[in-house]
Amino acid sequence: MTTALLLLGIIATLFAGWRASRRVRFFLHIFQLETYKFDRYGRWLADHVSTTIVRPSHGAGATVLLLGSFAVSLVDSAWVALAALPVWTVTFISSRRYRSDEEKKPLAFTERMTRLSIPVGLWALLPIAAGGLYGWTLGSPTGVLWYLGGFLVADLGAPLWVALGAALMHPVESTIQKGFKRQARRRLQSRPDLTVVGITGSYGKTSTKVILAELLRQRYNVYATPSSYNTPMGLCLAVNEHLKPEHQVLVLEYGIRYPGDMDALCDIAEPDTSVVTTVGVAHLETMGTQDRIAAEKGRLVERTAPDGPTVLNIDDERVAAMADRAPGPVWTVSTEGHPDADITAADLQYDTGGTAFDVTDDTGTTVSFETRLLGRHNVLNVLLAVAVGRSMGLRLRQMAHAARRVEPVEHRLQLRDRGGVTVIDDAFNSNPVGARNAVEILSEMGDGQRAIVTPGMVELGERQWAENKEFGRFLARHNLDLVALIGAEQTAPIQEGLSEGGFPEARTHVFASLAEAQDVLKQKLGPGDVVLYENDLPDQYEV
């Protein structure tokens with residue numbers, strides 16, 4: 001009897017410990033995806049109480065322990081624990097929801113995450129230790145049930161342990177971050193020879209940065225931050241670890257989510273040249289209105305060096321209005337033929353090789369540009385980069401040669417070939433302007449079937465339903481052969497828009513997952529067909 005209890009106890013401990021550790025890891029990942037912000041993490045938890053925080057296994061495990069306790073009150077026998085152990089263990093076997101191999105953006109064990117994991121792990125061990133110690137004093141079989149109860153509390157409390165660990169580490173992280181910021185400011189202050197170009201906007205920051213870096217390399221030694229290093233710590237990492245003495249130009253992205261974010265970024269690196277792409281509806285959940293977004297992004301313009309140029313997209317009225325806030329010369333660009341623009345584009349043409357268009361600069365010179373990038377918004381990004389180049393003395397023809405070498409940013413209207421099917425990968429796009437632009441490109445490509453796969457758009461605040469519904473209407477106006485929607489609830493407004501737009505119901509398919517949609521597309525699409533993957537929801541939106 002004792003040997004059997006010990007063996008089953010070890011098995012139960014392994015299963016429960018394995019499951020609890022995966023739950024803790026899962027919520028650490030969510031906290032990281034929510035950028036270590038308590039308010040965002042709290043909102044996510046509030047939205048997922050019944051689907052992720054409290055699982056059926058918790059109820060099953062608690063039921064087994066309660067029944068076991070009742071049985072012990074009637075029959076104080078080790079047989080009760082022997083019977084409860086295997087039943088309780090089975091309730092903790094299933095944890096597919098917490099599989100790490102299905103993450104799109106895996107948990108990154110940065111130095112910060114490693115520091116956070118230690119107190120979180122200690123918090124998780126506390127109920128296990130308490131249950132075990134108290135159970136030891138009671139003896140078998142009641143003690144075994146208390147021991148198992150400790151694991152149940154550790155598992156159920158995983159989201160709380162992450163929050164408590166983060167709260168404990170908050171003063172430490174704040175001190176560390178202040179040190180990084182001081183170091184970055186000192187490094188930049190010691191480099192008066194360095195030109196800092198700051199780019200902001202609701203959409204197009206990363207693409208504009210990549211294009212600009214390639215164009216400026218015609219004359220300068222340029223360092224542009226990789227990926228979307230557009231947070232205070234991202235800027236610090238770029239300046240402290242990657243900026244070299246030989247670099248002449250530093251190109252940075254400035255991203256915002258909350259009021260005051262832009263000043264926090266500019267306090268680290270004030271731009272010598274500023275670029276504003278667009279003011280859209282991204283991050284309405286935290287910023288409230290587009291006017292507030294414009295006011296926040298306009299702070300980059302105000303913080304530009306006194307004689308430094310500001311480059312603005314004049315086609316966006318909120319961006320154009322920022323000219324009054326610029327302390328130095330203003331350059332304007334337009335893809336819509338605005339008469340007051342310094343740099344304009346005309347005769348845009350798309351094909352599977354990219355985009356061709358004519359650019360006219362401030363001197364009246366017109367040069368034909370060709371790029372592997374797709375979309376009118378990428379033409380806008382090229383014009384913004386050209387304007388910066390002109391302000392720094394580059395000729396238009398020089399930049400036209402460089403534009404041919406620009407590689408598409410991964411998952412942003414990136415063309416791929418998959419067994420003869422042309423894939424337009426726009427998985428990192430989640431804004432109304434970019435989404436509609438991508439659909440227009442799809443409708444002009446190829447002679448075969450045209451399909452779109454999308455879960456819709458997120459982080460649009462109160463406008464999310466309306467924007468997705470309008471996107472459905474927009475899809476209905478284009479002659480698409482197949483619309484594959486991911487998630488019935490998430491895409492309900494798109495379905496409504498498609499229906500109101502008169503799109504044939506037979507061409508609309510709703511799938512539970514992207515994998516399921518891809519399996520069907522393999523059967524329906526063949527050589528010569530084109531499929532657009534528009535947006536791919538982050539991990540925290542799909543659990």
Side-chain angles (χ1 to χ4, degrees), residues 110-111 176-201 204-255 264-277 300 303-311 328-329 331 371-373 381-410:
T110 60
E111 291 182 6
I176 292 172
Q177 289 182 17
K178 287 178 182 177
F180 287 148
K181 292 174 184 178
R182 281 195 300 270
Q183 182 184 357
R185 284 194 292 268
R186 287 170 183 162
R187 289 206 68 189
L188 291 176
Q189 289 168 1
S190 69
R191 292 289 310 275
D193 59 312
L194 182 72
T195 298
V196 178
V197 181
I199 304 172
T200 194
K205 294 185 294 293
T206 301
S207 296
T208 302
K209 176 187 66 180
V210 170
I211 298 165
L212 177 59
E214 190 60 49
L215 267 55
L216 292 182
R217 286 188 182 112
Q218 299 296 295
R219 178 176 295 182
Y220 302 98
N221 190 324
V222 181
Y223 174 70
T225 53
S227 187
S228 297
Y229 278 38
N230 56 23
T231 64
M233 288 303 99
L235 264 59
C236 289
L237 181 64
V239 172
N240 295 336
E241 298 191 16
H242 302 301
L243 182 65
K244 306 298 181 187
E246 60 268 23
H247 289 137
Q248 299 168 291
V249 179
L250 173 63
V251 185
L252 300 172
E253 287 183 53
Y254 293 65
L265 292 163
C266 289
D267 286 344
I268 298 169
E270 283 199 330
D272 298 297
T273 298
S274 59
V275 180
V276 185
T277 62
L300 181 72
R303 298 283 300 261
T304 306
D307 297 324
T310 293
V311 177
W331 290 69
T371 176
R372 280 178 279 182
L373 306 178
N381 298 337
V382 170
L383 296 187
L384 292 166
V386 166
V388 176
R390 288 290 301 125
S391 75
M392 297 179 67
L394 272 68
R395 299 190 309 276
L396 196 57
R397 197 167 298 280
Q398 278 181 289
M399 292 185 280
H401 287 299
R404 294 191 182 97
R405 296 195 296 270
V406 177
E407 295 282 348
V409 178
E410 191 174 18

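Residue indices begin at 1 and follow the sequence shown. Just so it is clear, the structure is predicted and the values come from calculations on it, not from any experiment. Note: hydrogens, waters and symmetry copies are ignored here, and every other heavy atom, side chains too, is used.
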Is the shortest side-chain heavy-atom distance between [X] and [Y] below 4.5 Å?
{"X": "I211", "Y": "L373", "result": "yes"}
{"X": "L188", "Y": "L250", "result": "yes"}
{"X": "R404", "Y": "R372", "result": "no"}

I need the [X] [atom1] to [Y] [atom2] distance, nearest 0.5 Å.
{"X": "R217", "Y": "E214", "atom1": "CZ", "atom2": "CD", "answer": "5.5 Å"}
{"X": "Y229", "Y": "H242", "atom1": "OH", "atom2": "NE2", "answer": "5.0 Å"}
{"X": "S190", "Y": "R187", "atom1": "OG", "atom2": "CZ", "answer": "7.0 Å"}
{"X": "L265", "Y": "C236", "atom1": "CG", "atom2": "SG", "answer": "9.0 Å"}
{"X": "Q218", "Y": "M392", "atom1": "CD", "atom2": "CE", "answer": "13.0 Å"}
{"X": "T208", "Y": "L215", "atom1": "OG1", "atom2": "CG", "answer": "11.0 Å"}

Tell me the closest heavy-atom pair linking [X] and [Y], and the distance in Å.
{"X": "L252", "Y": "A238", "answer": "CD2-CB, 4.5 Å"}
{"X": "G198", "Y": "P271", "answer": "N-CB, 3.9 Å"}
{"X": "T200", "Y": "L300", "answer": "CG2-CD2, 3.6 Å"}
{"X": "G389", "Y": "L216", "answer": "CA-CD2, 4.0 Å"}
{"X": "G393", "Y": "R219", "answer": "O-NH2, 3.1 Å"}
{"X": "T304", "Y": "S274", "answer": "OG1-OG, 2.9 Å"}

*Please lay out, stage by stage, how E270 and V196 fare under the test side-chain contact (heavy atoms from CB on, under 4.5 Å).*
CA-CA 7 Å; E270 283 199 330; V196 178; over 6 Å; no
Counting distance only, does the side-chain N/O of [X] pair as donor-acceptor with the main-chain N or O of [Y] below 3.5 Å?
{"X": "D307", "Y": "G328", "answer": "no"}
{"X": "K205", "Y": "G201", "answer": "yes"}
{"X": "R395", "Y": "M399", "answer": "no"}

*Take Y223 and K244 through the test side-chain contact (heavy atoms from CB on, under 4.5 Å) and record every step on the way to the result.*
CA-CA 8 Å; Y223 174 70; K244 306 298 181 187; over 6 Å; no
*Please test L243 against R191 for side-chain contact (heavy atoms from CB on, under 4.5 Å), starting from the C-alpha separation and ending with a verdict.*
CA-CA 11 Å; L243 182 65; R191 292 289 310 275; 4.3 Å; yes
Is it true that, when you exclude [X] itself, more than 12 heavy atoms of the residues, nucleotides or ligands shown sit nearer than 6.0 Å to its [atom1]?
{"X": "D193", "atom1": "CG", "value": "yes"}
{"X": "E111", "atom1": "CD", "value": "no"}
{"X": "Y220", "atom1": "OH", "value": "yes"}

*Checking side-chain contact (heavy atoms from CB on, under 4.5 Å) against V275, which of N381, T310, V311 comes through?*
V311
*Should Y254 and L235 be marked as a side-chain contact (heavy atoms from CB on, under 4.5 Å) after you check the CA-CA gap, both sets of side-chain angles, and the distance that decides it?*
CA-CA 8 Å; Y254 293 65; L235 264 59; 4.2 Å; yes
*Who passes salt bridge (charged side-chain N to carboxylate O under 4.0 Å, His left out) against K209, sequence neighbours left out?*
E253
*Salt bridge between D267 and R185, side-chain N to carboxylate O under 4.0 Å?*
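Here D267 does not pair with R185 in a salt bridge, since their nearest N and O are not under 4.0 Å apart.
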